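Beneath this line is the structure, given in structure tokens, with notes to follow.
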Amino acid sequence: MSETGPGFRIAVLASGGGTNLQAIIDQAHGHEAGPGGPVVEVVGVGSDQPTAGALERAREADIPTATFPRDAFGERAVRDEAIADWLEALRVDLVVLAGYMQLLSADFISRFAGRVINIHPALLPSFPGLDAIGQALEHGVSVTGVTVHFVDDGVDSGPIIVQRAVEVPRSGNRQALEEVVRGTEHGLYPEAIRMIAQGRVSFDGRRVRIT
Ligand code: GRF
């Protein structure tokens with residue numbers, strides 16, 4: 001932990017158990033992004049699900065939380081505007097989606113253009129959308145993996161930042177594949193966040209450059 005330099009402020013949006021959030025808390029929050037780099041700070045965790053395990057993990061780490069249940073806002077656009085206002089008040093440098101199971105409106109994405117990232121449990125552009133692991137098993141691929149990408153207004157379609165391959169167990173056992181994919185996510189996501197915090201990631205159209 002370092003007290004030097006301005007922090008790199010991130011907020012995480014999550015709908016579920018929050019194992020990726022936990023990996024970010026353990027491996028990035030309060031740590032320098034790299035030698036002499038900014039300290040990464042998770043300044044807020046938001047969820048559409050008031051009972052999400054991710055919120056509990058945030059509270060345990062003394063990170064402020066906020067909930068945005070759909071029925072409290074009526075329309076998605078209104079809810080997304082409230083989330084965007086909350087993120088702006090937190091002065092976030094980066095919005096990290098970690099199992100956030102809602103689509104974000106085009107207005108939201110344009111307010112945070114180039115500053116929203118997501119993790120997906122497949123090697124995009126293969127198997128976008130729901131149940132990527134089930135899709136990979138169903139398709140019979142021998143290699144799948146994990147992708148961290150910028151979010152645009154499509155589904156899992158934004159510029160790819162980093163990917164890591166994972167072998168599908170010969171048994172085709174879903175639980176075994178889920179475990180290895182999840183473990184890979186937990187290493188890759190904090191790593192990608194640290195690279196962004198260090199200012200090493202830029203993109204031009206679909207092409208992401210890492211220096
Ligand atoms: C992860 O598999 C991630 O790839 C996907 O949603 C899942 C979230 O899991 N986007 P967790 O809540 O971080 O445990």
Side-chain angles (χ1 to χ4, degrees), residues 10-29 40 42 44-61 63 65-70 80 83 94-104 108-109 112 115-139 141 143-169 173-196:
I10 70 175
V12 178
L13 298 181
S15 302
T19 64
N20 279 284
L21 168 66
Q22 191 66 53
I24 293 164
I25 291 172
D26 295 343
Q27 299 171 50
H29 180 53
V40 175
V42 183
V45 173
S47 184
D48 57 313
Q49 301 291 332
T51 59
L55 293 172
E56 197 46 49
R57 292 178 193 271
R59 283 183 210 111
E60 270 173 30
I63 297 167
T65 62
T67 55
F68 301 91
R70 176 75 184 266
D80 284 2
I83 299 175
L94 185 70
V95 180
V96 175
L97 308 185
Y100 184 64
M101 300 303 287
Q102 302 284 319
L103 289 176
L104 289 162
F108 180 100
I109 299 301
F112 294 93
R115 290 190 291 145
V116 186
I117 63 171
N118 182 44
I119 190 159
H120 184 74
L123 293 177
L124 291 170
S126 293
F127 314 131
L130 293 175
D131 193 19
I133 290 181
Q135 291 184 56
L137 288 170
E138 177 70 24
H139 201 88
V141 294
V143 175
T144 183
V146 172
T147 302
V148 178
H149 63 95
F150 286 109
V151 175
D152 62 11
D153 53 13
V155 176
D156 301 325
S157 54
I160 289 169
I161 304 168
V162 274
Q163 296 187 296
R164 194 156 291 166
V166 157
E167 277 194 28
V168 176
N173 182 282
R174 184 182 171 111
Q175 199 186 333
L177 179 56
E178 272 171 2
E179 271 169 29
V180 61
V181 165
R182 208 50 76 83
T184 303
E185 290 183 341
H186 297 165
L188 195 61
Y189 218 5
E191 203 177 304
I193 290 166
R194 284 195 300 268
M195 287 192 313
I196 295 169

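Note that ligands are numbered from 1 as they come in the structure, with each ligand's atoms numbered from 1 the same way. In this chain, numbering begins with 1 at the start of the sequence shown. These figures come from a predicted structure and were not determined experimentally.
- Look at R57 and E60 and you find no salt bridge, because none of the NZ, NE, NH1 or NH2 atoms lies under 4.0 Å from a carboxylate O.
- Residue D156 holds its CG atom at 4.5 Å from NE2 of H120, rounded to the nearest 0.5 Å.
- Scanning for salt bridge (charged side-chain N to carboxylate O under 4.0 Å, His left out) contacts around E178 gives R174, with sequence neighbours left out.
- For Y189, the ring-ring contact (aromatic ring centres under 6.0 Å, His included) criterion is met by no residue, not counting sequence neighbours.
- Considering each of A54, S15, G18, A14, the one bringing a non-hydrogen atom nearest atom 12 (O) of ligand 1 is G18.
- Among all protein heavy atoms, the one lying closest to atom 9 (O) of ligand 1 is R182 NH1, 3.5 Å.
- The nearest protein atom to atom 10 (N) of ligand 1, hydrogens excluded, is given as I119 O, 3.0 Å; this is a heavy-atom distance.
- For the pair L130 and M101, the minimum side-chain heavy-atom distance is below 4.5 Å.
- Within the listing of ligand 1, atoms 12 (O) sit less than 4.0 angstrom from a heavy atom of G17.
- Among protein heavy atoms, atom 6 (O) of ligand 1 sits closest to G99 CA, 3.4 Å.
- Looking at E185 and R182, a side-chain N of the basic residue comes within less than 4.0 Å of a carboxylate O on the acidic one, giving a salt bridge.
- Looking only at heavy atoms of the protein, atom 14 (O) of ligand 1 is closest to T19 OG1, 2.5 Å.
- Closest to atom 4 (O) of ligand 1, if we only count protein heavy atoms, is E185 OE2, 2.4 Å.
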